[in-house]
**Student:** 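Have a look at the structure that comes next, please.
Order of listing sets the numbers, starting from 1, for every ligand and every atom in it.
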Amino acid sequence: MNNSARRVVITGGAGFLGSHLCTRFLDEGYEVLCLDNFLTGSPTNVEHLLGREGFRMIRADVTDFVHVVGPVDMVLHFASPASPIDYLQLPLETLKVGSIGTMHTLGLAKEKQARYILASTSESYGDPQVHPQPESYWGHVNPVGPRGVYDEAKRFGEAMTMAYRRYHDVNTGILRIFNTHGAFMRPKDGRAVPTFIRQALRGEPITVAGDGTQTRSIQYVDDLVEGVWRFAQTEHPGPMNIGNPHEVSMLELAELVKELTGSSSEIRFIERPEDDPTVRQPDITLAREVLGWEPTVPLQEGLHRTIEWFRVHPELLGG
Ligand code: NAD
């Protein structure tokens, strides 16, 4: 390997977003060290990278400890259960990776004098009372509701990240990522896009929570990766929203997936989960100004690509 290559540690690198980030940083000439305990991710998500020069994957739980030999230029902390089904089933793991895992990875960045990126989330805004959500909004989160394990872990992670910046001079950056979709999502992770696509492709009822008027803003993964890449190159502390301001209701999304898949599935309304946010839309003024970034993949095009990925992986859609 080229001795002057820059080196990035990506925690959660075998997950949905992590796998795309591993690919991007390798493409940019980085050595990539992927740390993952495969709690919600899988080595198959990075199988295609295993033969590439500069890529290493290590099974590691970042809540135990994080030790890396040699220089590190960047640490991207993406490890965490991220879908409602996952974090409701794994509440303690979620709290631990957002708190202890964040502390350990910040410690690594401090030791190596590396740029540190925390993958925070739009869930930091909870069920927002300000719309769209700018970074200056402090949020509306129920700490004792079922989703609190995720939202509060991320909010704690943000506070910890700022403490390392203020008191240890670590070059940190917080990203608040909005709903993202694309290849390597798991069709049964409970998030709206893969759920609707799986149901539509299997000809099963497409299940919309509540009356489907609640909104989300979903971005295609390529846009997210571009945003992370640009943000990582700066020294900006964030928090910075990365998401697509194009807002759709869940019912519109279900109808769009039905149309794009050519499915004859019926749309069925089911009970709405507790504390499910009513609206969600990023204000991306800051990302536009600082990174010159904005999403470039329209909703229909992104959905089309994700649907095609699921079509060529029918084994994932089973039973
Ligand atoms: P994912 O579940 O596909 O990936 C998370 C990865 O972290 C998995 O590979 C999992 O095995 C790993 N992991 C979990 N706990 C770990 C631990 N203790 N040690 C090591 N590895 C561990 O989820 P994703 O959608 O790729 O999300 C990645 C990150 O981005 C998360 O931090 C999530 O909160 C954040 N995020 C994602 C979205 C989105 O729409 N996908 C939105 C906002 C924020």
**Student:** Just list the N/O pairs, ligand 1 to protein, that are under 3.5 Å apart, with the distance for each.
**Tutor:**
residue, atom, partner, partner atom, Å
ligand 1, 2 (O), Thr40, OG1, 2.6
ligand 1, 3 (O), Phe16, N, 2.8
ligand 1, 7 (O), Ser80, N, 3.4
ligand 1, 9 (O), Gly15, N, 3.1
ligand 1, 9 (O), Asp36, OD1, 3.2
ligand 1, 9 (O), Asp36, OD2, 2.6
ligand 1, 9 (O), Gly41, N, 3.3
ligand 1, 11 (O), Asp36, OD1, 2.6
ligand 1, 11 (O), Phe38, N, 3.4
ligand 1, 11 (O), Leu39, N, 2.8
ligand 1, 11 (O), Thr40, N, 3.1
ligand 1, 11 (O), Gly41, N, 3.0
ligand 1, 13 (N), Asn37, OD1, 3.3
ligand 1, 18 (N), Asp61, OD1, 2.8
ligand 1, 19 (N), Val62, N, 3.0
ligand 1, 21 (N), Asn37, N, 3.2
ligand 1, 21 (N), Asn37, OD1, 3.2
ligand 1, 25 (O), Arg191, NH1, 3.1
ligand 1, 25 (O), Arg191, NH2, 3.0
ligand 1, 26 (O), Phe16, N, 3.3
ligand 1, 26 (O), Leu17, N, 2.7
ligand 1, 32 (O), Phe78, O, 3.1
ligand 1, 32 (O), Lys154, NZ, 2.8
ligand 1, 34 (O), Tyr150, OH, 2.5
ligand 1, 34 (O), Lys154, NZ, 2.9
ligand 1, 40 (O), Thr180, N, 2.9
ligand 1, 41 (N), Arg191, NH1, 2.9

**Student:** Name all residues meeting the side chain to side chain contact (heavy atoms under 4.5 Å, CB included) criterion together with Asp211; count only those two or more places apart in sequence or in a different chain, and write none if there are none.
**Tutor:** Thr213, Gln214

**Student:** Is there a donor-acceptor contact under 3.5 Å linking the side chains of Thr180 and Gln219?
**Tutor:** yes

**Student:** Around atom CD of Gln113, are there more than 12 heavy atoms from other residues, nucleotides or ligands closer than 6.0 Å?
**Tutor:** no

**Student:** Between Phe16 and His20, how do the two ring planes meet: parallel, tilted or perpendicular, split at 30° and 60°?
**Tutor:** perpendicular

**Student:** Please work out whether the ring planes of Tyr220 and His181 are parallel, tilted or perpendicular, with thresholds of 30° and 60°.
**Tutor:**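 If you compare the ring of Tyr220 with that of His181, the planes turn out perpendicular.
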
**Student:** Classify the side-chain pair Ser265/Gln199 by whether it contains a donor and acceptor separated by less than 3.5 Å.
**Tutor:** no

